[in-house]
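Not measured: the values here are computed from a predicted model. Values below: all heavy atoms of this structure, side chains included; hydrogens, waters and symmetry mates excluded.
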Amino acid sequence: MKLFQKTLVCLFIVLLSTSLYADEDVPDGLPDHLVGDVGIATYTTNLHIGTEGVQTLPLPYAFVDYKRAFVRIDEVGIKTLKMGYGYLEVIGKINLDSYKVKSPINGATLNRTDPIPLGIGTFQETPVGGFFVNAYHDFGKSHGALYELLYFAEIETYKKVTLYPQLGVERQSSQYANYYYGISGSDSLQTGYSAYTAPATNNLIAGLMIEIPVVDNWYFNIYGKRKWMGGGINNSPVMNRSFQDNLFAALAYRFK
């Protein structure tokens with residue numbers, strides 16, 4: 001329920017921010033109407049933390065632009081100054097992961113508040129693919145920083161089925177990583193885990209999205225992503241695998 005409320009709040013912020021530009025002319029390259037995909041999806045995650053297993057959640061799905069506002073699955077924001085093949089963007093990330101640590105030693109649970117990453121970034125849609133460069137500050141309890149560098153290619157295959165392979169790297173600051181994967185002395189007494197302080201860590205990302213035309217302007221999207229955690233996180237006693245997985249399947253209508 002908290003995640004659903006957070007999603008609605010982020011969407012409200014985008015709509016509210018868009019109204020600030022309602023009376024301005026729309027610059028070249030920015031649509032004056034809704035463009036992109038809107039639908040419903042099932043999101044599945046497995047963070048391999050403690051005894052927590054697969055978590056599945058149905059939520060709205062969107063990858064759309066409207067004037068300066070945009071929603072890109074788990075990102076919402078506003079485009080500001082023109083920059084290269086894109087814009088400098090004020091951006092927020094909707095985190096679909098649940099950082100609840102349940103100890104396999106005694107069953108005790110540590111609840112970590114969901115992050116609230118807000119910052120700046122850019123999406124550069126170049127002739128050789130799309131590049132995302134984002135820098136966030138977590139206004140949640142970690143007060144740490146999160147950085148992303150992602151690349152998407154586009155490959156059209158048989159009967160207009162399109163593949164979008166993804167490669168990237170994520171960096172979590174020491175404050176961010178330690179809040180979610182560290183174990184303090186009191187946490188150690190509560191759960192039986194050894195105390196651990198997580199340092200700043202780089203995580204490698206690879207994923208693939210498959211877009212399948214259904215009928216008219218309807219599309220079915222499947223996306224899977226694996227994140228290989230760096231040593232600073234992977235060495236944490238709460239981790240039971242060296243990677244984390246995300247998957248979603250969405251049925252969406254495309255506005256043109």
Asks: Side chains of Ser142 and Asp138: donor-acceptor distance under 3.5 Å anywhere?
Replies: yes
Asks: State the NZ-CG distance between Lys100 and Asn111, to the nearest 0.5 angstrom.
Replies: 6.5 Å
Asks: For the CG atom of Leu150 and the CD1 atom of Ile205, what is their distance to the nearest 0.5 Å?
Replies: 5.5 Å
Asks: Let me confirm one number: the CD-OH distance from Gln172 to Tyr147, rounded to the nearest 0.5 Å.
Replies: 11.5 Å
Asks: Roughly how far apart are Asp114 CG and Lys141 NZ, rounded to 0.5 Å?
Replies: 11.5 Å
Asks: Quick one about Asn221 and Tyr61 (side-chain donor to acceptor, distance below 3.5 Å, no hydrogens or angles considered), yes or no?
Replies: yes
Asks: Check whether Thr191 reaches the backbone of Ser103 with its side chain - one donor and one acceptor, N or O, closer than 3.5 Å.
Replies: no
Asks: Could you tell me whether Lys93 and Asp74 make a salt bridge, using a distance below 4.0 angstrom between a side-chain N and a carboxylate O?
Replies: yes
Asks: What is the distance from atom CG of Asn234 to atom CG of Asn240, rounded to the nearest 0.5 Å?
Replies: 10.0 Å
Asks: To the nearest 0.5 Å, what is the distance between CD1 on Ile78 and CZ on Phe70?
Replies: 7.5 Å
Asks: Kindly determine whether Asp65 and Lys79 satisfy salt bridge (Lys or Arg N to Asp or Glu O under 4.0 Å), including the steps that lead there.
Replies: CA-CA 10 Å; Asp65 291 91; Lys79 300 174 185 179; 2.7 Å; yes
Asks: Could you check, using the six-membered ring where one of them is a Trp, whether Phe255 and His33 have ring centers closer than 6.0 angstrom?
Replies: no
Asks: What's the shortest heavy-atom distance between Val238 and Tyr181, and which atoms?
Replies: CG2-O, 4.1 Å
Asks: Are the side chain of Glu125 and the backbone of Gly130 linked by a donor-acceptor contact shorter than 3.5 Å?
Replies: no
Asks: Between Ser188 (side chain only) and Ser184 (backbone N and O only), is there a donor and an acceptor less than 3.5 Å apart?
Replies: no
Asks: Checking Tyr223 side chain against Asn246 main chain: does a donor-acceptor pair fall under 3.5 Å?
Replies: no
Asks: Is there a donor-acceptor pair under 3.5 Å between the side chain of Asn106 and the backbone N or O of Gln190?
Replies: yes
Asks: Is there a donor-acceptor pair under 3.5 Å between the side chain of Ser174 and the backbone N or O of Ala200?
Replies: no
Asks: Would you call Arg72 and Glu89 a salt bridge, using N to O less than 4.0 angstrom?
Replies: yes
Asks: Would you verify whether the NZ or CZ of Arg112 falls within 45 degrees of the ring axis of Tyr180 while also being under 6.0 Å from that six-membered ring's centre?
Replies: no
Asks: Can you confirm if the aromatic rings of Tyr164 and Phe152 lie within a centre distance of less than 6.0 Å?
Replies: no
Asks: Strictly distance-based, threshold 3.5 Å: is any side-chain N or O of Gln175 a donor or acceptor partner for the main-chain N or O of Gly144?
Replies: no
Asks: Is the backbone N or O of Arg226 less than 3.5 Å from a side-chain atom of Asp245, with the two atoms forming a donor-acceptor pair by type?
Replies: no
Asks: Give a yes or no on whether the backbone of Met83 and the side-chain of Gln124 come within a donor-acceptor separation of less than 3.5 Å.
Replies: yes
Asks: Between the main-chain N or O of Pro199 and the side-chain N or O of Thr201, is there a donor-acceptor pair closer than 3.5 Å?
Replies: yes
Asks: Parallel, tilted or perpendicular: which describes the rings of Tyr151 and Phe131, with under 30° parallel and over 60° perpendicular?
Replies: tilted
Asks: Taking the ring of Trp228 and the ring of Phe243, is the distance between their centroids below 6.0 Å?
Replies: no
Asks: Answer yes or no: is there an ion pair linking Glu211 with Lys160, defined by an N-O contact shorter than 4.0 Å?
Replies: no
